[in-house]
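Report on the structure given below.
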Amino acid sequence: MYINTIKQRLLSFLLCALILSASNLNAQSVSKTPLPLSELQQKFVDLRFGMFIHFNIPTYQDADWPDPETPASLFNPTKLDCVQWAKAAKSANMTYGCLTTKHHSGFCIWDTKTTDYNVMHSPLKRDVVKEYTKAFRDQGLKVMLYYSILDTHHRLRPNMIQPKHIDMVKKQITELLTNYGQIEALIIDGWDAPWSRISYDDVPFEEIYKLVKSIQPNCLLMDLNGAKYPAEGLYYTDIKTYEMGAGQRVSKETNKMPALACLPIQANWFWKTDFPTTPIRDVTKLVNDVLIPLNNASCNFILNVAPNSDGLFDDNALAGLKQIGQLWKNEGPVAKLGETGPPIISHNLAKRVPANSSWSDDSNIMDFANDDDFESSWQSNPRVKSPWYEVTLKPGQPFNTVVIFERKANIKKYKLEYLDGTTWKTIFEGENLSRVKVNRFNQVKGDKVRMSIQTYNDAPSITEFGVYNETK
């Protein structure tokens, strides 16, 4: 009797251990050893082609931007089948998927503890993110997630952002990167875009970036709204992004950065009631005019397919994906990328601070070079032979990076100095022929930063002059 009791307890213990092990399998599979950013960028571009899946509360409102008060009870995909999605992606020879975990209207399709506005309070009562990640991994596909900073339901919008909102964002991202295994990339939307008007300071980019890397050091973070920044510069993203539906285009001739471009196979991102009878995009053109040229330009292409209100892909979308798979085969790694260096992630200390310069054109004075607008510029008067430009910081401001962006590469040799209170000290002096001139150095503390321009082709012009205190 005693021996049997011990055996029963031992079996019970082993069963519990197996259950616990299975439940923690995702968490255990996450690599905590950081790889070089250049290696992660190369791996991402080598994936070539993936599936965007816009599926959320907008699916049930016939609108990409639904009423933010749409009740959770409306979310009811009675035939939800993420395995169908994964097999459809596989049929197109895709290598990964990316699901909209939360879109701009704030509905969460995972079992979040941060809000009741989520799938567990809908008729479905199933964790869609969990089912998606399992289905795609079972098909040998990589897993990525999409997350919106803009959240109209929870009032995370311009002029209303409070500490509780930032806390919610951090907790939600922590859940997504903790409970679903290795996430290859987190694509964030609704940040620093003209239509969202939420800056990288309103919701601090640097804090979110560090959080992502602390949980999953090999998860790439991409901001989907980085089009305002120069193509050669890596600002606030690990990968350059281009939303083709918004008119953004990567240069297929000159691009040298790891990039992502996206487009829907249907007419919109989210499913509409007329999709089953509306022709999808011409898949032959998608392959020959979009996918192949993008891959040749070091750009990964992600094609959106919208599940319908039942949680399934429509027949015309399934047929189109299968046809893509017949037309296109993954040829493996693309050409080797060059080093980009780390992205700029911190606050621009020079943004809209007092600026000064040598004589400039009347309509292009010094304030245009630090106004956070990459379309305006400071322009030196052609009669000035030794132009200079300067910004005033807070007294004793620490910084370790200065970035100068020109509309076209023109300035050749220059000197960067900082005022340490009484003395001007040189940070850099030399030649840099790039259009985006990134200068990184050991941290200094200064009240001002000055650029003395020594050689150039035409009268110098600076579009943006940025000063940063970047995390090493």
Under 3.5 Å side-chain donor-acceptor pair for Tyr200 and Asn348: no
Among Phe270, Trp271, Tyr132, Phe75, ring pair (Phe, Tyr, Trp, His ring centres under 6.0 Å) partner for Phe55: Phe75
Aromatic plane relationship, Tyr468 with Tyr235 - under 30° parallel, 30 to 60° tilted, over 60° perpendicular: perpendicular
Flag if over 12 foreign heavy atoms under 6.0 Å of NZ, Lys351: yes
Side-chain H-bond candidate by donor/acceptor type, Glu470 with Thr401, under 3.5 Å: no
Pair Ser376, Asp371: side-chain N/O donor-acceptor within cut-off below 3.5 Å: yes
Donor on one side chain, acceptor on other, Tyr96 and Glu184, under 3.5 Å: no
Sidechain N-carboxylate O distance under 4.0 Å for Lys125, Asp127: no
Any side-chain donor near an acceptor of the partner, Asp202 and Ser199, under 3.5 Å: yes
Ion pair Glu406/Lys437, N-O distance below 4.0 Å: yes
Enclosure of Lys285 NZ (heavy-atom neighbours >12, cutoff 6.0 Å): no
No-hydrogen, no-angle side-chain donor-acceptor test under 3.5 Å, Thr114 and Glu175: no
Modelled atom types, side-chain donor and acceptor of Asn93 and Asn330, under 3.5 Å: no
Aromatic ring pairing Tyr236/Tyr229, orientation class (parallel under 30°, perpendicular over 60°, tilted between): tilted
Lys102/Asp151 salt bridge by N-O under 4.0 Å criterion: yes
Parallel, tilted or perpendicular: rings of His154 and Tyr117 (30°, 60°): perpendicular
Between Ser105 and Thr152, a side-chain donor and acceptor under 3.5 Å: no
Donor-acceptor side-chain pairing of Thr471 and Glu206 below 3.5 angstrom: yes
Flag for Asn225-Asp189: side-chain donor and acceptor within less than 3.5 Å: yes
